[in-house]
A.B. asks: 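Following this message is one structure expressed as structure tokens.
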Amino acid sequence: MDERYDPQVIEQQVQDYWLQNHSFEVTEDPTREKFYCLSMLPYPSGHLHMGHVRNYTIGDVMSRYQRMCGRNVLQPMGWDAFGLPAENAAIQRKVPPSEWTYQNIEHMRGQLKRMGFAYDWTREVTTCRPEYYQWEQWFFTRLLKKGLAYRKNAVVNWDPVDQTVLANEQVVDGKGWRSGAQVEKREIPQWFIRITAYADELLEELDQLDGWSDSVKTMQRNWIGRSVGLEVDFALADGGDPLRIFTTRPDTLFGVTFMAVAADHPLAREAAEGNTAIADFLEQCRAGGISEVDLEAMEKNGLPLGVNAVNPLSGEHIPVWVANFVLMGYGTGAIMAVPGHDERDHAFAQSYGLPIQQVIAPADDREIDVMTAAWVDKQNIMTVNSGTFSGLDYDTAFERIADHVEALGIGRRQVNYRLRDWGVSRQRYWGCPIPVVHCEHCGDVPVPDDQLPVLLPEDVTFMGVQSPIKADPQWRQTACPQCERPAERETDTFDTFVESSWYYARYCTPGADAMLDERADYWLPVDHYIGGIEHAVMHLLYFRFWHKLMRDAGIVSSDEPATKLLCQGMVLAEAYYQDSTESGRTWIPPDEVRVERDDKGKTISAVWLHDGTMVNPTGWTTMSKSKNNGVDPQDMVDRYGADTVRLFTMFASPPDHTLEWNDDAVAGSLRFLRRLWALVYRHQSCLSGANDLTHALEWDDETREMRRLVHTVLQRINRDMTRNQFNTVIAASMELFNGLDQFEPGEDPARQFALREAIDILIRVLSPVVPHIAHSLWQLMNSGVELLDASWPEVDIAALQTSSCKLAVQVNGKLRGQIEVAMDADELQIREQVLANEKIGRHIGESKIKRFIVVPQKLVNVVI
RNA sequence: GCCGGAGUGGUGAAAUUGGUAUACACGAGGGAUUCAAAAUCCCUUGCACGAAAGUGCGUGCCGGUUCGAGUCCGGCCUCCGGUACCA
């Protein structure tokens with residue numbers, strides 16, 4: 001054994017050992033309990049970033065721990081390889097997206113291997129390969145035949161200069177990021193998958209997902225947004241098609257003082273003919289992007305159409321407006337407005353001087369004023385000013401008014417969802433082609449199985465604005481699979497969320513000549529899924545949805561894809577900048593900055609080493625290229641080794657918190673591993689001794705104390721491993737180490753045994769986090785077992801026994817002292833000891849004791 | 001705007017179910033070793049007052065429940081994630 005800890009050398013040796021022994025390749029074994037540990041697959045952006053390192057270390061720690069608990073562990077890895085960044089890189093570097101992507105994958109695979117993650121690389125999935133995407137094309141054609149996929153018009157961001165569709169991210173302040181042109185809304189035909197047909201199941205099954213956090217489940221519930229309400233037709237005063245609206249507040253129907261329709265509602269278009277003011281307004285509504293943030297943030301405005309509707313309950317005539325916040329694509333494209341009892345309607349009514357009518361009031365005598373603010377309560381209310389429907393609570397009003405509206409034949413009870421069908425069309429090149437042929441005679445025809453996959457050409461020149469498959473008439477041209485006459489291929493590609501909706505299942509069946517095969521039933525569902533909290537709703541909802549689609553196609557047999565979920569927090573770093581009038585804001589890399597601290601270590605200022613000028617610190621912020629504050633995992637691994645990086649990322653905070661990167665603390669993690677190495681080096685002859693003294697050992701006091709520490713700490717480690725709180729597992733291991741560092745076994749066999757036991761436990765519990773150093777140290781232990789398959793250590797209950805314990809003593813809730821009592825002391829004995837204690841007695845004085853509260857083995861509170 | 005989180009020393013954080021707030025680290029200060037440096041080791045370290053014993057204060061802010069609140073309840077503030085074409 002080398003005296004010096006040299007991570008670069010030992011990590012290479014250990015990784016070679018794993019490679020030669022195929023240590024992480026697994027097969028289905030029905031006799032063993034399986035554990036499928038899945039981390040979200042990365043987008044191959046070119047370099048591993050700290051978020052990946054953190055995510056994958058968490059998964060690796062879980063996987064290695066489960067293996068030591070005896071499970072047959074599958075931990076796969078792959079590449080979410082289609083997507084927008086490859087197209088941007090292609091334009092910048094003039095290389096085809098495929099080439100850029102494959103090079104990135106090569107590089108990043110090497111980086112992952114250097115981290116020592118226990119992946120079964122024989123199962124690697126690359127989503128841009130036809131072997132993978134052909135099966136989602138195949139599956140999509142099944143969905144088409146079942147009516148679960150369909151085509152309809154939908155709105156996109158349109159850049160009128162580049163003549164292209166923009167992603168929401170590419171719209172900055174309402175303008176195209178490249179052209180700078182004002183973005184417009186444009187309606188084009190798009191493919192959708194009917195996720196709303198599964199809305200109720202997606203909602204209800206959340207209740208069964210005990211292994212998912214409440215915050216994620218709540219977000220998904222709110223995203224689905226099931227609401228029960230009433231659909232009502234409002235007749236127009238001058239005839240014509242009635243306006244259909246949906247409301248969850250039928251109890252406020254008498255308070256409707258106006259209505260509003262979307263800019264592209266037929267009624268608005270009609271009114272615009274011959275009215276330039278309205279026509280101009282509709283034109284204005286076309287400007288700007290389609291994201292919800294933008295729509296909600298913009299100023300709400302509108303114009304009256306000069307048309308009246310009739311309130312079906314009161315018979316009142318109310319004006320119909322066109323408003324920019326009503327959207328044609330969502331719901332019916334028209335709303336009823338109740339400014340007295342809806343905040344948005346109230347604001348709109350006030351800015352346009354529209355009437356506000358109160359129709360509900362508090363059931364008690366409380367005064368409210370709907371003229372100053374909308375009153376939106378549902379509980380403890382009573383309808384007022386509502387004709388024969390006055391004096392009712394919410395539920396009664398809802399039911400009676402719904403009955404009435406249904407009896408009149410102008411509406412019906414209706415369940416509505418906020419969730420919209422999943423738009424999967426993208427007008428981009430670097431994605432999976434949607435397998436449909438457009439035929440003049442037969443309509444949209446799914447590509448038959450024997451013509452799949454529809455291959456995406458990879459050897460293309462890509463200039464950015466136009467997708468090469470849209471630009472290439474040769475590629476588009478085909479024969480209709482039904483009538484064999486000339487027809488055109490669909491040139492849209494899938495949303496990349498489609499690929500990431502089923503990759504976890506494909507890992508189970510490498511090389512299968514079908515979408516999946518029976519091996520999937522052994523591994524699924526995923527036992528633990530780990531990924532960023534940013535995926536809480538969209539990806540994780542599509543992932544659940546696709547699993548149910550596969551179940552209903554008879555391809556998988558479970559209802560949900562993952563039983564447990566862990567969402568890790570973001571990785572942050574400090575960033576520094578300077579502002580100047582000429583060049584705007586410049587971001588200075590942290591390693592070019594010297595931070596000045598006060599005598600307590602608090603940052604007071606920061607200086608750019610380059611020229612000695614002052615820079616501004618931002619505090620903790622997300623790592624990003626634009627802020628120049630990314631920490632490259634490669635640099636860290638080169639400097640400290642993979643184990644140190646793994647140790648730091650697990651130690652710095654619990655998995656679900658944000659993680660603040662700190663170079664000094666990373667060095668501290670290396671220091672710990674060096675001390676661990678030194679400890680084992682110092683005791684190596686003792687450690688390699690035979691382990692034949694398993695009984696009849698007499699412990700001296702110091703050894704008994706040391707063993708009690710080891711086993712109480714192990715107890716905490718076990719608890720924290722099961723709740724995935726790895727930072728405290730490491731803290732406890734450090735405590736164990738600190739207790740051990742002072743212990744000298746000498747020649748005493750019992751003391752030697754105790755030290756061997758303690759170090760054995762320490763190496764085992766640290767091995768999931770720092771597997772390379774653990775492997776090297778383990779070789780000295782003469783245990784005859786492979787560390788990867790060594791059993792997780794068990795607590796020796798006998799070692800925990802003590803005869804007395806310390807009790808904190810409070811007087812009126814304030815800590816005043818401590819006493820030591822026998823473990824089995826009763827309240828009377830404790831009371832005697834408390835009163836006998838001089839320091840505590842001072843605080844009690846002559847006062848009468850009102851209460852004497854004892855929390856066994858913890859504390860006493862004397863209330864005077 | 002809406003939905004979901006988070007806030008504890010100089011810093012990252014710990015505190016099992018309402019029971020001794022600050023474990024474990026980092027940083028800082030002091031010391032040892034060294035020709036010197038690196039590395040390593042030892043001690044101190046929540047804040048205020050005090051020579052000390054000690055006393056008071058202290059978990060974003062305001063209020064409440066309780067013998068006892070970082071933890072539970074009500075109301076705010078700030079920051080972070082998502083918001084349907086970034087992944």
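First the proteins, then the strands, lettered A, B, ... as listed; each starts at 1.
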A.B. asks: So what stems show up for RNA chain B if we need 3 or more Watson-Crick or G-U pairs in a row, all under 3.5 Å?
C.D. replies: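 Expected stems, ordered by start: B:1-7 with B:77-83, B:10-12 with B:24-26, B:27-32 with B:40-45, B:46-49 with B:54-57, B:60-64 with B:72-76.
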
A.B. asks: Take the protein atom CD of A/Glu296 and the nucleotide atom P of B/rC3, then report the distance between them rounded to whole Å.
C.D. replies: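 Atom CD in A/Glu296 sits about 11 Å away from atom P in B/rC3.
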
A.B. asks: Please measure how far the P atom in B/rG74 lies from the corresponding atom in B/rC79, and state the result in whole Å.
C.D. replies: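 Here B/rG74 and B/rC79 have their P atoms 24 Å from each other.
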
A.B. asks: Roughly how many Å apart are B/rG27 and B/rG9, using the C1' atom of each and rounding to a whole number?
C.D. replies: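 Straight-line distance between the two C1' atoms is 12 Å.
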
A.B. asks: Once the angle between the rings of A/Trp100 and A/Tyr43 is folded into 0 to 90°, is it parallel (under 30°), tilted (30 to 60°) or perpendicular (over 60°)?
C.D. replies: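 The arrangement is tilted - the two ring planes meet at 30° to 60°.
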
A.B. asks: What is the nucleic acid contact for A/His843, judged by heavy atoms within less than 4.0 Å: base, sugar-phosphate only, or nothing?
C.D. replies: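 Sugar-phosphate contact only.
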
A.B. asks: Compare side-chain N and O positions of A/Lys814 against OP1 and OP2 of B/rC57 and report whether any pair is under 4.0 Å apart.
C.D. replies: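 Answer is yes, contact under 4.0 Å.
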
A.B. asks: Taking the P atom of each, how far is B/rG31 from B/rA38, in whole Å?
C.D. replies: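 Nearest-Å result for B/rG31 against B/rA38 at atom P: 15 Å.
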
A.B. asks: Check the angle between the aromatic planes of A/Tyr133 and A/Phe82 and answer parallel, tilted or perpendicular using the 30° and 60° thresholds.
C.D. replies: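 The rings of A/Tyr133 and A/Phe82 sit tilted, inter-plane angle from 30° to 60°.
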
A.B. asks: What nucleotide among B/rC3, B/rG54, B/rA14 has an atom nearest to a side-chain atom of A/Asn222?
C.D. replies: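 Closest of the options to the side chain of A/Asn222: B/rC3.
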
A.B. asks: Could you tell me the separation between the CD1 atom of A/Ile840 and the C1' atom of B/rG54, rounded to a whole number of Å?
C.D. replies: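 Whole-Å distance recorded here is 16 Å.
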
A.B. asks: In whole Å, what is the span from the CZ atom of A/Arg719 to the P atom of B/rA14?
C.D. replies: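 After rounding, the reported distance stands at 12 Å.
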
A.B. asks: Is the closest basic N to carboxylate O distance between A/Arg344 and A/Glu296 below 4.0 Å?
C.D. replies: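 Looking at A/Arg344 and A/Glu296, the cut-off is not met.
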
A.B. asks: Nearest whole Å is fine: how far is B/rG1 C1' from A/Asp345 CG?
C.D. replies: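 Rounding to the nearest Å, CG of A/Asp345 and C1' of B/rG1 are 14 Å apart.
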
A.B. asks: In whole angstrom, give the distance that lies between atom CZ of A/Arg851 and atom C1' of B/rU66.
C.D. replies: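 Taking CZ of A/Arg851 and C1' of B/rU66, I get 9 Å after rounding.
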
A.B. asks: Which residues in residues 171-178 of chain A have a heavy atom closer than 4.0 Å to any atom of RNA chain B?
C.D. replies: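 When residues 171-178 of chain A is checked for heavy atoms under 4.0 Å from RNA chain B, there are no hits whatsoever.
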
A.B. asks: Provide, to the nearest angstrom, the distance between the CG atom belonging to A/Leu541 and the P atom belonging to B/rG4.
C.D. replies: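 Rounded to whole Å, this separation is 16 Å.
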
A.B. asks: Tell me, for nucleotides 73-87 of chain B in 5' to 3' order, what letter each nucleotide earns: B for a base near a protein heavy atom under 4.0 Å, S for only sugar-phosphate near one, - for neither?
C.D. replies: --------BSBBBBB

A.B. asks: Using the P atom in both, what is the distance from B/rU16 to B/rA6, to the nearest Å?
C.D. replies: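 It comes out at 16 Å once rounded to the nearest Å.
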
A.B. asks: Starting at atom CH2 of A/Trp661, determine the distance to atom C1' of B/rA13, rounded to an integer number of angstrom.
C.D. replies: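 So the two atoms are 16 Å apart, to the nearest Å.
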
A.B. asks: How long is the line joining CG of A/Asp342 and P of B/rC2, in whole Å?
C.D. replies: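 Atom-to-atom, A/Asp342 to B/rC2, this comes out as 12 Å.
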
A.B. asks: Salt bridge or not for A/Glu292 and A/Arg418, using N-O below 4.0 Å?
C.D. replies: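 Looking at A/Glu292 and A/Arg418, the cut-off is met.
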
A.B. asks: Please determine whether a side-chain nitrogen of the Lys or Arg among A/Arg428 and A/Asp492 lies less than 4.0 Å from a carboxylate oxygen of the Asp or Glu.
C.D. replies: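 Salt bridge flag = no for A/Asp492 with A/Arg428.
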
A.B. asks: Is A/Asp6 paired with A/Arg4 through a side-chain N to carboxylate O contact shorter than 4.0 Å?
C.D. replies: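 A/Asp6 and A/Arg4: salt-bridged.
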
A.B. asks: Spell out protein contact along nucleotides 17-26 of chain B as letters: B when the base is contacted, S when just the sugar-phosphate is, - when no protein heavy atom is under 4.0 Å; keep the 5' to 3' order.
C.D. replies: --BB--BBSS

A.B. asks: Can you tell whether the side chains of A/Lys470 and A/Glu490 come within less than 4.0 Å, N to carboxylate O?
C.D. replies: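 A salt bridge is absent here (no side-chain N lies under 4.0 Å from a carboxylate O).
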
A.B. asks: Is the shortest side-chain N/O distance from A/Arg674 to OP1 or OP2 of B/rA39 below 4.0 Å?
C.D. replies: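 Checking B/rA39 against A/Arg674, no side-chain N or O comes under 4.0 Å of OP1 or OP2.
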
A.B. asks: Tell me whether the rings of A/His535 and A/Phe497 are parallel (<30°), tilted (30 to 60°) or perpendicular (>60°).
C.D. replies: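 Rings of A/His535 and A/Phe497: perpendicular, over 60°.
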
A.B. asks: Quick one: which of A/Val765, A/Leu676, A/Leu647 gives a side chain to side chain contact (heavy atoms under 4.5 Å, CB included) with A/Ser733?
C.D. replies: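 Exactly one pass, corresponding to A/Val765.
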
A.B. asks: Roughly how many Å apart are B/rC3 and B/rU55, using the C1' atom of each and rounding to a whole number?
C.D. replies: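 So the two C1' atoms sit 48 Å from each other.
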
A.B. asks: Please confirm whether the backbone N or O of A/Gly225 pairs with a side-chain atom of A/Asn222, one donor and one acceptor, at under 3.5 Å?
C.D. replies: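 No: the side chain of A/Asn222 does not pair with the backbone of A/Gly225.
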
A.B. asks: Quick test of your reading: applying ring pair (Phe, Tyr, Trp, His ring centres under 6.0 Å), list the pairs with at least one residue in residues 709-738 of chain A, sequence neighbours left out, ordered by first then second residue.
C.D. replies: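 Output for this query lists A/Phe672-A/Phe737.
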
A.B. asks: Residues in side-chain contact (heavy atoms from CB on, under 4.5 Å) with A/Leu295, at least two apart?
C.D. replies: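 A/Leu295 satisfies side-chain contact (heavy atoms from CB on, under 4.5 Å) with A/Lys185, A/Met298, A/Leu327 once adjacent residues are dropped.
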
A.B. asks: Is the shortest side-chain N/O distance from A/His657 to OP1 or OP2 of B/rG5 below 4.0 Å?
C.D. replies: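 Negative; the distance criterion is not met.
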
A.B. asks: Looking only at atom C1', what distance separates B/rC42 and B/rU33, rounded to whole Å?
C.D. replies: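 Going atom to atom, C1' in each nucleotide, I get 11 Å.
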
